[in-house]
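In what follows, a single structure is set out as structure tokens and then discussed.
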4 protein chains.
Amino acid sequence: MKKEQILKTSIEILAERGYANTTTRMISEKAGIAVGSIYTHFKSKEAILDEIFLSEYEKRATYLKSLKKIQGRQIDKFDRFLDFHFMELDINRDLMMVLARESGNPELQDLDGVQKFVHQLPDFFKTILDEAIEIGEIRPLNTTLTGKIIFSTIRGTVFDSVIRTKDLDLDDIKKELQAFIKNAIQI
Amino acid sequence: MKKEQILKTSIEILAERGYANTTTRMISEKAGIAVGSIYTHFKSKEAILDEIFLSEYEKRATYLKSLKKIQGRQIDKFDRFLDFHFMELDINRDLMMVLARESGNPELQDLDGVQKFVHQLPDFFKTILDEAIEIGEIRPLNTTLTGKIIFSTIRGTVFDSVIRTKDLDLDDIKKELQAFIKNAIQI
Amino acid sequence: MKKEQILKTSIEILAERGYANTTTRMISEKAGIAVGSIYTHFKSKEAILDEIFLSEYEKRATYLKSLKKIQGRQIDKFDRFLDFHFMELDINRDLMMVLARESGNPELQDLDGVQKFVHQLPDFFKTILDEAIEIGEIRPLNTTLTGKIIFSTIRGTVFDSVIRTKDLDLDDIKKELQAFIKNAIQI
Amino acid sequence: MKKEQILKTSIEILAERGYANTTTRMISEKAGIAVGSIYTHFKSKEAILDEIFLSEYEKRATYLKSLKKIQGRQIDKFDRFLDFHFMELDINRDLMMVLARESGNPELQDLDGVQKFVHQLPDFFKTILDEAIEIGEIRPLNTTLTGKIIFSTIRGTVFDSVIRTKDLDLDDIKKELQAFIKNAIQI
DNA sequence: CATGAATGAGTTTTCATTCAT
DNA sequence: CATGAATGAAAACTCATTCAT
């Protein structure tokens with residue numbers, strides 16, 4: 001309950017000011033609680049970010065696992081993942097901002113949640129690519145590296161777009177990304 | 001002279017510790033000068049980063065301008081740019097680390113040098129893409145967005161690789177990136 | 001019942017970490033109760049220490065009172081007290097640690113129990129010395145001051161020994177102290 | 001210069017309030033400097049205490065070394081040391097308070113200066129005792145333990161006296177202690 | 001009588017920047 | 001131009017204690 005309130009408030013402030021410029025005092029004041037209460041629910045300021053990334057990672061991991069069982073072309077699964085990812089982003093723009101900005105924040109690379117978000121998702125992509133190669137859907141390529149490249153492509157693009165304009169057309173970006181990736185790997 | 005020394009030392013420490021964990025005192029001590037002397041040559045701590053990014057941006061901008069005059073397929077120019085970029089990185093691994101890490105640091109997005117590095121380079125890519133479309137070398141696409149996508153792809157991939165392993169094979173990554181981008185855009 | 005459990009647990013933790021580094025939370029967790037429950041039984045964190053010192057003071061005061069009625073040389077009563085004191089220490093090393101450390105803790109000098117432990121015991125010694133002088137067993141001396149000196153000698157020696165080695169030979173120390181004190185005062 | 005000012009001010013406040021109740025802010029305000037300036041001269045709040053103890057230890061160590069070369073009875077050297085020690089205390093009552101209180105503060109036992117003060121001085125006493133035994137000036141005894149006992153006796157007595165009364169007669173205490181110790185060890 | 005989430009004043013420490021020498 | 005002591009705002013985090021359930 002109150003934990004949710006802290007997370008929600010944190011995302012709002014983090015989206016506006018960035019991690020380094022967000023203080024625990026700001027969060028507590030905006031959430032209408034005492035500073036100490038943050039520490040009742042989170043081990044540290046970093047742990048808030050950790051939780052955000054972990055939860056968002058899990059959403060995506062669950063979705064990617066569900067994709068595995070689904071019939072159809074492997075290559076289309078990237079389209080589907082992007083549909084899912086951008087839909088989530090559209091629902092909560094602040095959250096999108098935080099994920100895009102802080103997943104690249106050198107300060108936070110050690111957090112479990114960030115690590116998973118940044119390293120496990122590319123691994124899922126690799127798995128899809130491996131299967132796609134087996135059935136000859138895509139050109140021969142280093143699936144590990146390409147998994148990472150695809151992840152970087154998506155993340156970097158969202159990051160760039162999001163920090164420049166408030167009202168960007170997510171749909172345009174999504175379609176351009178989908179085409180870019182599909183072309184990049186297909187035969 | 002002394003300014004160069006400060007820059008060189010800063011890059012070494014920044015590569016090892018990251019911007020937030022690098023203090024002006026560390027730089028002055030390692031450079032063998034007084035803290036105050038840093039401020040004779042730089043307006044602020046941020047200004048050091050600004051200068052680093054500006055100078056690296058200019059190297060790449062100059063190279064891209066020189067590419068323009070060169071004959072040959074537009075599409076190959078991305079290969080050439082990546083050859084140049086990775087060569088530079090190979091010469092100075094510390095610098096590569098700094099560019100990869102801090103170009104995505106939310107704290108530093110307002111710096112002139114970072115802005116140019118992060119926003120102008122994609123614009124150069126856009127120009128190349130525009131010409132490539134005109135002569136029918138590549139498929140129809142939103143060149144502005146795709147310019148950004150290509151930049152994000154390169155930067156993100158280097159960043160990911162560089163913070164994970166010390167002795168990564170830059171050549172493998174370069175070749176995979178070149179193939180990825182070429183396939184992504186060509187007809 | 002539960003109060004005893006809190007005391008027992010507190011002594012264990014206090015012996016290991018010292019007063020300033022022991023939190024009420026630690027005590028409650030190790031004792032398997034809620035933090036709030038500590039405050040059902042004790043007015044404050046300090047009150048736990050107060051109780052410990054008071055109870056240990058009373059043990060010694062009772063023993064010293066019983067010594068009064070006993071026949072024999074006054075001067076031997078210090079031997080007996082030390083026998084009693086060291087026996088108690090040997091039974092509960094953690095308790096010994098707490099008494100030795102915290103009786104000298106400036107933070108805790110105002111506690112009733114500590115005051116009694118630290119100021120009343122020397123008074124008992126004074127009484128013994130007064131009688132010993134009267135019957136000419138010991139040399140003439142300021143009994144108030146010497147009572148304090150004897151107490152300080154005992155406490156300080158135990159404190160020094162106990163914080164240095166875990167497995168010290170209490171018996172050696174006791175005998176050395178007994179000889180030291182007896183010689184110091186006798187005619 | 002300013003370092004001396006910080007030390008002087010710290011001793012005044014520490015004497016009045018004790019280590020745990022002395023804040024860095026109090027010191028800086030009373031010394032008329034900025035909080036940060038404390039950290040220009042001292043690594044931490046603890047380091048101030050460390051310096052105080054180290055310097056006082058060295059005074060005494062130097063004196064004890066000079067005593068070694070002096071002719072005369074070993075046993076009288078304790079008298080001389082106490083003369084010196086009490087003279088120093090008389091000059092600076094605040095300092096005496098700090099040494100007496102905090103040398104027994106469990107929190108500070110790890111500091112180099114405190115360690116030296118509390119463990120090296122007894123070692124010097126041991127050396128004196130060793131020689132005294134050799135020439136038959138004192139009764140046979142465990143010199144290591146007795147060195148510690150003498151130290152504890154002195155420290156504890158000063159501590160006890162000093163925290164009770166502001167205007168105690170140091171001279172009485174000194175004489176009583178001298179007699180106590182001399183009797184305790186002599187043949 | 002037990003619980004444990006909530007409190008918030010208070011603490012030490014850091015560090016970019018300045019400026020008198 | 002160089003120096004480095006001095007600055008002081010600001011930050012994360014702690015923890016004894018309370019009180020509604």
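Naming: A, B, ... by sequence-line order, numbering from 1 per chain. Treat the numbers as computed from the prediction; the structure is a model and nothing was measured.
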For B/Val98 and B/Ile11, work out which heavy atoms get closest and say how close. CG2-O, 3.7 Å
Closest heavy-atom contact between D/Ser37 and D/His41? O-CD2, 3.3 Å
Given F/dT17, F/dA6, F/dT3, identify the nucleotide with an atom nearest to the side chain of C/Arg25. F/dT17
Pick one: which of A/Arg155, A/Glu56, A/Gln109 meets side chain to side chain contact (heavy atoms under 4.5 Å, CB included) with A/Ser103? A/Arg155
Of the candidates E/dG8, E/dT18, F/dG8, the side chain of A/Ala34 sits closest to E/dG8
With nearest nucleotide decided by heavy atoms, which residue, C/Ser37 or D/Val35, maps closer to the 5′ end of DNA chain E? C/Ser37
Report yes or no: is the cationic atom of D/Lys45 (NZ for Lys, CZ for Arg) closer than 6.0 Å to the six-membered ring centre of D/Tyr39, at no more than 45° off its axis? no
5'-most contact on DNA chain F: C/Tyr19 or D/Gly36, nearest heavy atom basis? D/Gly36
Does a side-chain N or O of C/Thr40 approach OP1 or OP2 of E/dC1 to a distance below 4.0 Å, or not? no
On the nucleotide E/dT12, are OP1 or OP2 found under 4.0 Å from the side-chain N or O atoms that D/Thr24 carries? yes
Measure from CD1 on D/Ile48 to P on E/dT12 and round the result to the nearest Å. 10 Å
Both distances under 3.5 Å, Watson-Crick or G-U wobble: report the partner of F/dA16, or none. E/dT7
Check this one for me: any side-chain N or O of A/His41 less than 4.0 Å away from OP1 or OP2 of E/dA6? yes
C/Ile27 CD1 to E/dT3 P: how many Å, rounded? 15 Å
Using a strict 4.0 Å threshold on nitrogen-to-oxygen distance, state whether A/Glu4 and A/Lys8 make a salt bridge. no
Could you tell me how far apart C/Lys43 (NZ) and F/dA16 (C1') are, to the nearest whole angstrom? 12 Å
Is F/dA11 paired to anything, Watson-Crick or G-U wobble with both distances less than 3.5 Å, and if yes, which nucleotide? E/dT12
How is A/Ser28 classified with respect to the nucleic acid when contacts are heavy atoms under 4.0 Å: base, sugar-phosphate, or nothing? nothing
Just to confirm, is there a sub-4.0 Å distance from OP1 or OP2 of F/dA2 to any side-chain nitrogen or oxygen of B/Lys2? yes
How many Å lie between CD1 on C/Ile6 and C1' on F/dA16, as a whole number? 15 Å
Quick note, A/Thr23 side chain, CB onward, closest among E/dC1, F/dA12, F/dT3 is F/dA12
If you round to the nearest 0.5 Å, how far is CD of C/Glu51 from CD1 of C/Ile6? 10.0 Å
Can you check the D/Glu46 CD to E/dT13 C1' distance for me, whole Å? 13 Å
Indicate, with a heavy-atom threshold strictly under 4.0 Å, whether D/Ile33 touches base, sugar-phosphate, or nothing. sugar-phosphate
Rounded off to whole Å, could you give me the CD-to-P distance for the B/Glu107 and E/dA16 pair? 11 Å
Check the distance between E/dT17's P and B/Lys45's NZ and give it to me in whole angstrom. 8 Å
I need the CD-P distance between C/Glu29 and E/dA5, as an integer number of Å. 11 Å
Re F/dC1: Watson-Crick or G-U wobble partner, both distances kept under 3.5 Å, found to be none
